[in-house]
Amino acid sequence: MKWNKKLGMMTMALSLSGLLVACGENDTTNNDTNMNDQMEETMDGNDHSGMDMSGSGDVPEGLKSAENPKFAVGDTAVITEAHMPGMEGAEATVVGAYDTVAYSISYDPMHGGERVKDHKWIIHEEIEDAQGAPYEVGDEVEVIAEHMTGMGGTTATIDSVEETTVYMVDFTLESGEQVTNHKWVTEEELSAL
């Protein structure tokens, strides 16, 4: 009788342990699924929800207008690369064309949150106390531009460097939202109509 009582207690304890382990596995699976969903939503750290797509039209001090841009002010072109949803394929009107060095950067936003990776673009004139020569991949720079909430004032790592003509453009998103004075689209990201 004593043996049966011990066996019963052990069976019940093992059953409860198994139940707890099974519950724990479900929680882990749900947490992994939630993490995967969040990762897909931020699309490799390029969440542009804080992006201010329209700008003031002001340009940084020292930025020079392009002498022979492929697209002149007033020209219309098609945006061939999307920095954010709804941009690719949009018809853009050129508001300004400037010869400079464009950088894609990665940085941690001032307000916290996910690291922004490979943000396109800031230009040489949007770097605090910029040196004369272009920066190189891997260099760290202080960013002046506030293209996205929390960008200005950050220390960013240069991911790529392009000496090019950059354009400020007006366009309409697929949603119908009007974007004015958007900074920046490179010459390689525009094609003729």
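Given the structure is predicted, the values throughout are model-derived calculations rather than measurements.
In the model, T164 has a side-chain atom that pairs as donor or acceptor with a side-chain atom of E188 under 3.5 Å. S191 and T80 form no side-chain donor-acceptor contact under 3.5 Å, judged by distance and modelled atom types alone.
Between Y167 and Y98 there is no side-chain heavy-atom pair separated by less than 4.5 Å. Looking at heavy atoms from C-beta onward, E174 lies out of side-chain contact with M87 at the 4.5 angstrom threshold. Two residues are said to be in side-chain contact when any heavy atoms from C-beta on lie closer than 4.5 Å; T100 and E125 meet this criterion. With a 4.5 Å cut-off on side-chain heavy atoms, V78 and L190 do not count as touching. K70 has its side chain out of reach of T165: every pair of non-hydrogen atoms, C-beta onward, lies at least 4.5 Å apart.
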- Item | Criterion side-chain hydrogen bond (donor to acceptor under 3.5 Å, both in side chains) on T172 and E177, from CA distance to verdict | CA-CA 6 Å; T172 304; E177 179 188 346; over 6 Å; no
- Task: Starting from the C-alpha separation in whole Å, work towards a yes-or-no answer on side chain to side chain contact (heavy atoms under 4.5 Å, CB included) for I123 and Y103.
- Result: CA-CA 6 Å; I123 59 174; Y103 303 98; 5.9 Å; no
- Query: Passes side-chain hydrogen bond (donor to acceptor under 3.5 Å, both in side chains), T93 versus D170? Steps please.
  - Reply: CA-CA 5 Å; T93 301; D170 292 345; over 6 Å; no
- Message: Apply side-chain hydrogen bond (donor to acceptor under 3.5 Å, both in side chains) to residues T155 and E142 and explain how you reach the verdict.
- Response: CA-CA 5 Å; T155 299; E142 299 295 318; 2.6 Å; yes
- Message: Checking T149 against H111 for the side chain to side chain contact (heavy atoms under 4.5 Å, CB included) test, could you report, in this order, the C-alpha distance in whole Å, the side-chain angles of both residues, the deciding distance, and whether it holds?
- Response: CA-CA 8 Å; T149 304; H111 54 71; 3.9 Å; yes
- Item | Candidate pair W121 and E189, rule side-chain hydrogen bond (donor to acceptor under 3.5 Å, both in side chains), full reasoning | CA-CA 11 Å; W121 302 95; E189 294 172 330; 3.1 Å; yes
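Between the side chain of K183 and the backbone N or O of D58 there is at least one donor-acceptor pair closer than 3.5 Å. Between the side chain of Y135 and the backbone N or O of V141, no donor-acceptor pair lies under 3.5 Å. Checking side-chain atoms of D139 against main-chain N and O of I158 turns up no donor-acceptor pair under 3.5 Å. In this structure a side-chain-to-backbone donor-acceptor pair under 3.5 Å is missing from H147 to I122. Not one N or O on the side chain of E163 forms a donor-acceptor pair closer than 3.5 Å with the backbone of V101. Although no hydrogens or angles enter the test, the distance criterion places no donor-acceptor pair under 3.5 Å between the side chain of T154 and the main chain of D108. Within the 3.5 Å criterion, the main-chain N or O of V166 finds no donor-acceptor partner in the side chain of T186.
Of all non-hydrogen atoms in S160 and V137, the two that sit nearest each other are CA-CG2, 4.0 Å. The shortest heavy-atom contact between D118 and S104 is OD1-OG, 2.8 Å. Residues P60 and E126 approach most closely at CG-CG, 3.7 Å, considering heavy atoms. Summarising the geometry of F71 relative to A77, their closest heavy-atom pair is CE2-CB, 3.7 Å, with the distance given to 0.1 Å. Of all non-hydrogen atoms in L173 and P85, the two that sit nearest each other are CD2-O, 3.9 Å. In plain terms, the two heavy atoms of Y107 and G150 that are nearest each other are CE1-O, 4.1 Å.
A salt bridge links K120 with E81: the closest approach of a Lys/Arg side-chain nitrogen to an acidic carboxylate oxygen falls below 4.0 angstrom.
Summarising the geometry, atom CD belonging to E187 is positioned 8.0 Å from atom CG belonging to D99; distances are rounded to the nearest 0.5 Å. Between the NE2 atom of H119 and the OG atom of S106 there is a distance of 10.5 Å, given to the nearest 0.5 Å.
Classification of the H182-H83 ring pair by plane angle, with boundaries at 30° and 60°, yields tilted.
Under a cut-off of 6.0 angstrom, the local environment of CD in E136 is sparse, with at most 12 non-hydrogen atoms contributed by other residues, nucleotides or ligands.
Hydrophobic cluster membership differs between I144 and M151, with clusters built from Ile, Leu, Val, Met, Phe, Trp and Tyr side chains linked at under 4.5 angstrom.
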